[in-house]
Amino acid sequence: MLSKVLISVLVLHICNAYNNANHSSDCILVRSCPEAIRFAGNGNDKEKNKKLTSSFCGIEIVDGKKLPKIHCSHFRTTDDRSAFTNESPDDAIETHPNLKLLPEKCGKINGDRIIGGKVADLYEFPWMALISHRTRGGPGSKDSLKFKCGGSIINSKYILTAAHCVVGKKLAGVRIGELDIDSKEDCQGEYPDIVCEGHLQDILIEEVIAHEGYQRLPVKDDIALLRLRKPIDFSYKNAAPICLPVSQRLRNAVLDSKIATVAGWGITDNGSESHVLLKVDVPVFTTTACRDLYNKNSNTDTTINKICAGEMKKDSCSGDSGGPLMVEDEINDVYRIVQYGIVSYGPLQCGSLFPGVYTNVSSYVKWILDNIKP
């Protein structure tokens with residue numbers, strides 16, 4: 001429950017402060033900032049009032065109610081990097097013989113993308129992959145195929161996804177280049193500036209490589225690779241690899257308060273699967289906040305090597321499993337899209353107070369390099 005002190009202080013100052021509100025990407029709903037909620041329960045009232053008032057940055061109408069927003073970063077502290085126990089020595093990665101298998105050209109940012117749009121642009125995420133599962137039909141009927149998970153292209157032969165998407169599953173193949181599952185040709189724009197794309201690549205899977213430490217409950221090492229039978233053709237605009245946080249700087253990047261993007265064909269807020277690729281921007285939690293939320297009833301830390309991200313009404317959902325959590329970052333003086341997370345699990349109700357949980361790719365770079373081959 002939100003602290004009464006927190007709500008009352010912010011409500012009193014909403015009218016006076018709103019004109020000076022700063023609507024930056026760090027400005028989020030109070031109830032989506034556990035650090036602020038925790039702060040409101042400690043310290044003296046004078047100190048609380050001053051800091052809470054100074055952090056106020058606007059209001060948002062949710063279900064017809066005006067709710068206060070704050071700069072959550074004002075209440076966050078730098079996290080202890082020791083939580084990431086899977087991190088490998090820098091030289092084990094920087095000199096890894098398989099490093100050359102990851103493409104230098106990756107994660108290109110589409111300049112024509114739809115900023116803030118819910119539907120992805122035609123060529124915005126060319127590294128998105130759909131994983132097809134064989135589902136058992138009724139007596140006497142054949143198995144049917146259904147896309148149940150997502151993944152990301154990391155080079156021409158490998159798809160990165162979640163282990164829970166492949167362990168114990170009957171996989172049929174991978175589709176590259178899809179936007180609208182229900183359409184043979186995807187078109188966007190308005191006449192006369194209409195762009196259409198109809199080339200898809202459906203590729204069979206040669207090998208499934210799930211992390212040897214994967215376990216379902218509590219979730220651990222939820223990461224896997226799919227080696228394809230034939231290479232992806234990157235000559236088409238709707239097929240390209242995403243960047244991974246390979247360099248030391250990227251692996252050690254602090255994502256606290258950054259805004260990440262998740263894309264997928266998963267369950268939407270009306271409870272149905274989307275036939276078109278959707279995207280959502282989500283704030284990244286600190287590892288401390290992630291622990292506080294998910295370890296309340298546990299004696300062990302279940303959030304090691306994981307990232308928490310999301311807020312009310314903004315989250316990934318079940319059909320997005322295996323898809324990437326993406327952040328723009330600089331590589332060789334050029335801004336590119338880097339995959340920092342893999343959609344793993346979250347609350348039963350998507351978009352609730354609890355954030356989604358993502359496998360932290362930075363903690364598994366050496367594992368990825370160890371398990372790919374030419």
Side-chain angles (χ1 to χ4, degrees), residues 93 96-113 120-131 149-162 165-166 173-179 197 199-209 223-247 250-251 253 260-264 277 279 320 322-343 358-362 364-374:
I93 293 174
H96 200 289
N98 285 341
L99 196 59
K100 64 182 183 295
L101 299 180
L102 296 179
E104 291 185 8
K105 293 182 179 180
C106 58
K108 183 179 179 181
I109 297 174
N110 178 14
D112 298 324
R113 60 186 174 161
D121 180 65
L122 190 58
Y123 299 115
E124 190 170 1
F125 305 115
W127 40 80
M128 292 297 297
L130 276 165
I131 301 174
C149 274
S152 56
I153 302 169
I154 63 169
N155 73 8
S156 64
K157 291 296 292 287
Y158 285 92
I159 302 297
L160 183 64
T161 187
C165 284
V166 300
V174 170
R175 173 169 291 184
I176 308 299
E178 186 64 276
L179 181 72
E197 177 64 68
H199 188 271
L200 299 176
Q201 299 182 59
D202 288 311
I203 305 176
L204 296 176
I205 297 168
E206 179 180 290
E207 183 181 8
V208 176
I209 308 161
I223 185 172
L225 290 164
L226 299 178
R227 180 175 171 85
L228 306 179
R229 286 195 185 180
K230 67 177 184 178
I232 300 166
D233 186 346
F234 288 147
S235 66
Y236 295 93
K237 194 176 178 181
N238 62 350
I242 194 170
C243 299
L244 296 181
V246 173
S247 71
L250 293 178
R251 294 197 313 276
T261 301
V262 188
L277 180 61
K279 63 178 180 179
D320 295 323
L325 177 77
M326 303 167 278
V327 176
E328 290 185 14
D329 218 321
E330 196 173 356
I331 299 177
N332 297 327
D333 300 322
V334 177
Y335 275 92
R336 300 184 181 277
I337 303 296
V338 180
Q339 180 174 354
Y340 279 100
I342 301 169
V343 179
Y358 303 79
T359 302
N360 188 343
V361 175
S362 295
Y364 295 91
V365 173
K366 185 175 183 298
W367 179 85
I368 293 171
L369 293 173
D370 286 344
N371 285 279
I372 60 177
K373 58 187 178 182

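Owing to the predicted nature of the structure, the values given are computational and were not obtained by experimental measurement.
Expressed to the nearest 0.5 Å, how far CG of N98 lies from CD1 of I93 amounts to 12.5 Å. Between the CG atom in D329 and the CZ atom in R336 there is a gap of 12.0 Å [rounded to 0.5 Å]. Here the CD-OG1 distance, from E328 to T261, works out to 7.5 Å after rounding to the nearest 0.5 Å. Taking CZ of R227 as the start and OH of Y158 as the end, the distance is 4.0 Å to the nearest 0.5 Å. Taking CG of L369 as the reference point, atom CG of L102 lies at 5.5 Å (rounded to 0.5 Å). Atom CG in N110 sits 9.5 Å away from atom OH in Y123 (nearest 0.5 Å).
The pair E124-K279 counts as a salt bridge, with a side-chain nitrogen and a carboxylate oxygen less than 4.0 angstrom apart.
Evaluated for a side-chain contact (heavy atoms from CB on, under 4.5 Å) with V166, the options I209, L225, V208, I159 yield exactly one hit, V208.
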| request: Assess whether side-chain contact (heavy atoms from CB on, under 4.5 Å) is satisfied between L160 and Q339, documenting all intermediate values. | output: CA-CA 10 Å; L160 183 64; Q339 180 174 354; 3.8 Å; yes
| Derivation and outcome, side-chain contact (heavy atoms from CB on, under 4.5 Å), residues E206 and L228 | CA-CA 5 Å; E206 179 180 290; L228 306 179; over 6 Å; no
| message | Would M326 and W127 count as a side-chain contact (heavy atoms from CB on, under 4.5 Å) here? Give the steps. | response | CA-CA 11 Å; M326 303 167 278; W127 40 80; 3.4 Å; yes
| said: As a quick check of understanding, evaluate side-chain contact (heavy atoms from CB on, under 4.5 Å) for L250 and Y340, giving each step before the final call. | reply: CA-CA 9 Å; L250 293 178; Y340 279 100; 3.3 Å; yes
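R251 places a side-chain N or O within donor-acceptor distance of the main-chain N or O of V246, the cut-off being under 3.5 Å. Using modelled atom types, no side-chain atom of T161 and backbone atom of L226 make a donor-acceptor pair closer than 3.5 Å. One N or O on the side chain of N238 and one on the backbone of H199 form a donor-acceptor pair closer than 3.5 Å. Judged by distance alone, with hydrogens and angles left aside, the side-chain atoms of K100 form a donor-acceptor pair with the main-chain N or O of P97 at under 3.5 Å.
For the 3.5 Å distance criterion, the side chains of Y236 and Q201 fail to qualify, holding no donor opposite an acceptor.
Among all heavy-atom pairs drawn from L277 and G264, the shortest one is CD1-N, 3.4 Å. Here the closest heavy-atom approach between residue V343 and residue A162 is recorded as O-CB, 3.8 Å. Residues V174 and A129 come closest through the heavy atom pair CG1-CB, 3.8 Å. Across all their heavy atoms, P241 and F234 have their closest contact at CD-CZ, 3.9 Å.
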